[in-house]
Protein chains: 2
Amino acid sequence: MTPSDQTALMAIGEAMDVRPGTKLFRQGDAATHIYMVESGVVRISHDLLDGKRQVLAFRWGGDVFGMAAGGRYLNNADALDKGRIQRFQAERLQELLLSRPHMQNRFLLQATAEISLQQHRIILMAKYDVVTKVVAFLLECCGNGQCFDPATQILKLPMSRPDIADYMGVATESVSRALGVLERRKIIHRHDMHHLAIDLPRLRDCARL
Amino acid sequence: MTPSDQTALMAIGEAMDVRPGTKLFRQGDAATHIYMVESGVVRISHDLLDGKRQVLAFRWGGDVFGMAAGGRYLNNADALDKGRIQRFQAERLQELLLSRPHMQNRFLLQATAEISLQQHRIILMAKYDVVTKVVAFLLECCGNGQCFDPATQILKLPMSRPDIADYMGVATESVSRALGVLERRKIIHRHDMHHLAIDLPRLRDCARL
DNA sequence: CGGTCGATTGAACTCGTTCAAAATCCGTGG
DNA sequence: CCACGGATTTTGAACGAGTTCAATCGACCG
């Protein structure tokens, strides 16, 4: 992002501080804003008629969310952590993008990257067993400087077990069991519920994706 | 799409006629072109290390595919049907989009719509049983005038059972069994392998999505 | 009419779910 | 600082939907 784009964005942006549990928007709400995470973690989820819930994504620092074609949000967005979110009025962002083709191009590239990521997720959900899914999830988290400290090898997970389970499309108990397997294999060590010590190299070659 | 955009696109486009089995590109190929289906059906799939295959999408008339961030295609694209495909050199399309912000915006909107569609697919894969998955697949096909004739109620499926199975992330046999269930419930009738008579209203309320 | 390939059916098995119980974590107040 | 209580996670055991593998069926083609 060019400095000029950056300042143009900030000019129409509005920062908000959030705490764990803050609801950014609900599915069905009018889609008035596009959001960007500055710090913290946001959970994007969708509630089904029968009460089940699918977690579609966790958004970390730098990620954009809330792009909805059709005027209404299709999902819920909730902060999991204390953090800071930037948001932009949809129309104003739209104008800005039209006036700055290179900036719009960044968004387009970002969107196609997102599509590839989701394809990866579809493959993961369809073809791999529970342990592999959990490994993939942990690797995804480790990719974020936000919550993984390479020095101490400690991964800090801001989300609950049901969040992880609903993200990977499995039962909460299955996540527990998968973590148990990985711990017995000495690939991870559960310090406490939200802190894992991780042997990253071993975790990596445990995921033959 | 404005007429002017249309002609600008055609100016850099190159039409190709395809027959069933034509390979448009393979995963790993240099991503030189963006494709658009004019008529026919294209299967987008991804091969895994262990020989399994995931079908990621079927692309029908009007659909765009082959957008790859990173210079290489991640997936395979194969024509399933006789048809006509338009393709555009990636760099030239990129230039064109930069010079026409509204046209780029269309692509961006298209991409966000695609993201929503894929989220729907993730939910489908994660939360619903085989019969529901097949119902969703059939409904998706019926949405295409290409292959569903509302007058005769006949759906023409250009893809094989393994294609459907790999699309929904289930075994081929499970697709057969699901079709059997739907036929016993008089919701569909298998005329032959590639032609189904469909009771669309009943099919619709059989999918509580 | 026989042969081949894809689709369907059948039967055993497996992985993940479900439901219930035990263990652990964590905030609160003594 | 430690003990208590509710919530979350983990563990255990039974169950079930879907897979797997093998056999049968059916359509298409020489």
Indicate for each nucleotide in nucleotides 7-16 of chain C, in 5' to 3' sequence, whether protein heavy atoms under 4.0 Å reach the base (B), only the sugar-phosphate (S), or nothing (-).
SBBBB----S
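Atom-to-atom, CD of A/Glu183 to C1' of D/dT9 comes out at 13 Å; the value is rounded to the nearest Å. Rounded to a whole Å, the NZ atom of B/Lys52 is 14 Å from the C1' atom of D/dG18. When the C1' atom of C/dT17 is taken as reference, atom CG of A/Asp166 falls 14 Å away, rounded to whole Å. If you take NE2 of A/His195 and P of C/dT24, they are 18 Å apart, rounded to a whole angstrom.
Closest non-hydrogen pair, A/His46 versus A/Leu56, comes out as CB-CD1, 4.0 Å. In plain terms, the two heavy atoms of B/Asn76 and B/Gln27 that are nearest each other are OD1-N, 2.8 Å.
Looking at A/Asp166, its side chain never comes within 3.5 Å of a backbone N or O of A/Asp163 through a donor-acceptor pair.
Between A/Phe25 and A/Tyr35, a ring centre-to-centre spacing shorter than 6.0 Å is recorded.
Between A/Leu124 and A/Met168, the closest side-chain pair of non-hydrogen atoms falls below 4.5 Å. The side-chain heavy atoms of B/Leu138 and B/Ile188, taken from C-beta on, include a pair separated by under 4.5 Å. Looking at B/Ser176 and B/Leu179, their side chains never come closer than 4.5 Å, going by heavy atoms from C-beta outward.
Few gaps surround CD on A/Gln146; more than 12 heavy atoms of other groups in view lie less than 6.0 Å from it.
Between the axis at the start and the axis at the end of the helix from C/dC1-D/dG30 to C/dG30-D/dC1 there is an angle of 30°, using five pairs per end and rounding to 10 degrees.
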